[in-house]
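Everything numeric in this text was worked out from a predicted model, so none of it was measured. Hydrogens, waters and symmetry mates are skipped; everything else that's a heavy atom, side chains included, is used.
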Amino acid sequence: MDFRDSPQEAEFRTRLRNWLAEIAGTFPTSGDEYWAKQGEWHRALYEAGFFGTSWPEEFGGQNLPPVFDVIVDEELAVAGAPPRPSLGYLVQGLGRHGSKELQQRFLPGLINGTERWCQGFSEPGAGSDLASLSTTATRDGDNYIIHGHKIWTSYSDVADWCLLLARTDSTVARHKGISAFLISMHQPGIEQRPLKMISGVTKEFGQVLFDGAVVPADQMVGEPGDGWKMAMTVVGHEREPSTLGFAARYGKLVRQMSARVDGRNPDELAWAAVEVEMLRLHVRRRLSEQLDGVVHGPDGSLDKLLMTWVDQAVGHAALAVGGTDDTELMGSYFYSRAQSVMGGTSQIQKNIIASRILGLGV
């Protein structure tokens, strides 16, 4: 495989590097400061031509091959800039299942960053077993009335809109009674409760309580009961390290830790280096398949499991190198512990791989 840049890719990479050199240090890269500035960072990337590169032009993207997203992620990591905001799974969900009217109304603001979004899927009693969710949407004329409780909702405190899953029919099979909505977060009947993480971050996740919030019926994505299909599209893309951003950042952290070590690297760091290289090559293979038009379904669970292993290997290496006194490396370790839970637990991913890829238990 030839991983060298084409002339167009090389020009894009050089332009991006020059832009990053001009804004170096402008935006924070971690902690609450990063989350507070993420919206500004999103808009800065978009206005400079480095966000939404592979998404449809009609909604504000550039319709370029996904390799350009890879270049953005690689160069952001090299420059020590904040990561690219993760919104592709929402674009894919709305782009595949939403009506043309909903796409035209909502995708441009989502892509250019003028409207902030969150994803209302997980609940205190429905995480990996998403089909057991209990939030309800009851039809009332031209509206639906929402009652329920969502948790681990990224950016909920700053979001303008939420892609929400709620139960519209309790008389059918669990998966078939779920519908999806695009609901405004600026209205009575919605309460925000921030969640403080073990790393000290308070701006990333939140709880959202819906008590009589209203969403117009024409802001349902698809038909009643189509929510599960839309959710599977979203989590399928959410579970893929479909760009090299994560691999590039893991690799950079491993190299930085190695430079701090006098003498022989700890075994944990050596293993992390092996895991990072494995992920880098795996994601390059995935990219090659995307360029060839291959669409991944349950394979996203394999990608998610591999990324979890790498994240936690790097986290263990951070603890081995920095101990408990290095705040930044300790934060990397703390965050890595969540990787095997968020986006679907590792146990669930293994079940999906066993049943839907290997055909076991069928």
Verdict with supporting geometry, W161 and S184, side-chain contact (heavy atoms from CB on, under 4.5 Å): CA-CA 5 Å; W161 296 93; S184 171; 3.7 Å; yes
Going through the distances and angles, do F121 and L130 end up as a side-chain contact (heavy atoms from CB on, under 4.5 Å)? CA-CA 7 Å; F121 282 18; L130 189 57; 4.0 Å; yes
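- Side chain of S99 to backbone of L102: a donor-acceptor contact under 3.5 angstrom is found.
- Proximity of a side-chain donor or acceptor of T14 to a complementary backbone N or O of A10 within less than 3.5 Å is detected.
- For the residue pair Q312 / S336, no side-chain donor-acceptor distance below 3.5 Å is found, with atom types taken as modelled.
- Put simply, CG on L253 and CG on L329 are 6.5 Å apart, with the number rounded to the nearest 0.5 Å.
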Walk me through whether Y46 and I111 qualify under side-chain contact (heavy atoms from CB on, under 4.5 Å). CA-CA 8 Å; Y46 180 84; I111 292 172; 3.9 Å; yes
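- Between D169 and K176, no side-chain nitrogen of the basic residue sits less than 4.0 Å from a carboxylate oxygen of the acidic one, so the salt-bridge criterion is not met.
- A salt bridge (Lys or Arg N to Asp or Glu O under 4.0 Å) with E74 holds for exactly one of R13, R280, R17; it is R13.
- A salt bridge links E58 to K100: one of the charged nitrogens lies within less than 4.0 Å of a carboxylate oxygen.
- Within a 6.0 Å radius of CH2 in W19, more than 12 heavy atoms belonging to other residues, nucleotides or ligands are found.
- Side chain of N63 to backbone of E57: no donor-acceptor contact under 3.5 angstrom is found.
- Under a 3.5 Å cut-off, the side chain of Q103 and the backbone N or O of G95 do form a donor-acceptor pair.
- Between P66 and S54, the closest heavy-atom pair is CA-CB, 4.1 Å.
- Electrostatic pairing of R105 and E101 does not count as a salt bridge here, judged by no charged N lying under 4.0 Å from a carboxylate O.
- Using a distance-only test at 3.5 Å, with no hydrogens or angles considered, no donor-acceptor pair links the side chain of Q207 to the main chain of L195.
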Verdict with supporting geometry, F27 and Y34, ring pair (Phe, Tyr, Trp, His ring centres under 6.0 Å): CA-CA 7 Å; F27 291 91; Y34 161 70; 9.7 Å; no
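- For E328, the CD atom counts as loosely surrounded, since its 6.0 Å shell holds 12 or fewer non-hydrogen atoms of other residues, nucleotides or ligands.
- For W271 (side chain) and P266 (main-chain N/O), no donor-acceptor pair under 3.5 Å exists by modelled atom type.
- Crowding of R193 atom CZ: a count of heavy atoms from other residues, nucleotides or ligands under 6.0 Å not exceeding 12.
- Of the possible polar contacts, none joining the Q62 side chain to the G52 backbone as a donor-acceptor pair under 3.5 Å is found.
- The two residues L20 and A79 make their nearest non-hydrogen contact at CD1-CB, 3.9 Å.
- Classification of the F12-F50 ring pair by plane angle, with boundaries at 30° and 60°, yields perpendicular.
- Between L209 and Q192 there is no side-chain heavy-atom pair separated by less than 4.5 Å.
- Residues K304 and T308 have side chains that bring a donor and an acceptor to within less than 3.5 angstrom of each other.
- With respect to R116 and D157, no salt bridge is recorded, no charged nitrogen being found less than 4.0 Å from a carboxylate O.
- Interatomic distance, D160 CG to H186 NE2, rounded to the nearest 0.5 Å: 3.5 Å.
- Counting only heavy atoms from C-beta outward, the side chains of L269 and V254 approach each other to under 4.5 Å.
- To the nearest 0.5 angstrom, Q119 atom CD is 8.5 Å from T153 atom OG1.
- E9 places a side-chain N or O within donor-acceptor distance of the main-chain N or O of S6, the cut-off being under 3.5 Å.
- To the nearest 0.5 Å, atoms CZ (R167) and CG (L165) are separated by 10.0 Å.
- Heavy-atom contacts from other residues, nucleotides or ligands closer than 6.0 Å to CZ of R356 number 12 or fewer.
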Check the pair R84 / D73 against salt bridge (Lys or Arg N to Asp or Glu O under 4.0 Å), numbers first and verdict last. CA-CA 7 Å; R84 182 165 53 104; D73 288 327; 2.7 Å; yes
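- Cluster annotation: I71 is connected to L45 through the hydrophobic network of ILVMFWY side chains, with a link wherever side-chain heavy atoms come within less than 4.5 Å.
- More than 12 non-hydrogen atoms from other residues, nucleotides or ligands lie less than 6.0 angstrom from CG of D292.
- Note: Y155 and W35 meet the aromatic proximity criterion, with ring centroids under 6.0 Å apart.
- To the nearest 0.5 Å, atoms CG (L110) and CG (L87) are separated by 5.5 Å.
- Between the side chains of E204 and S154, not a single donor N or O lies within less than 3.5 Å of an accepting N or O.
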F106/W117 under ring pair (Phe, Tyr, Trp, His ring centres under 6.0 Å): CA gap, chis, key distance, verdict: CA-CA 10 Å; F106 290 106; W117 282 76; 5.6 Å; yes
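- S179 and T168 form a side-chain donor-acceptor contact under 3.5 Å, judged by distance and modelled atom types alone.
- Side chain to side chain, N112 and H42 fail the donor-acceptor criterion of an N or O pair below 3.5 Å.
- H282 places a side-chain heavy atom less than 4.5 Å from the side chain of D303.
- Ion pairing between a basic and an acidic side chain is recognised when a charged N comes within 4.0 Å of a carboxylate O; E40 and R43 show no such pairing.
- In terms of modelled atom types and a separation under 3.5 Å, the side chain of H147 and the main chain of G212 share a donor-acceptor contact.
- Here the side chain of N265 pairs no donor or acceptor atom with the backbone of A270 at under 3.5 angstrom.
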Show your working on side-chain contact (heavy atoms from CB on, under 4.5 Å) between D226 and V221 and close with a plain yes or no. CA-CA 8 Å; D226 283 351; V221 182; over 6 Å; no
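- For K252, the NZ atom is densely surrounded, since the number of other residues' heavy atoms within 6.0 Å is greater than 12.
- Within the model, atoms CG of D326 and CE of M257 stand 10.0 Å from one another, a figure rounded to the nearest 0.5 Å.
- For an aromatic pair to be called close, the ring centres must be under 6.0 Å apart, and H149 with F210 fails this.
- No path of Ile, Leu, Val, Met, Phe, Trp and Tyr side chains, each step under 4.5 Å between heavy atoms, connects L107 with F181, placing them in separate hydrophobic clusters.
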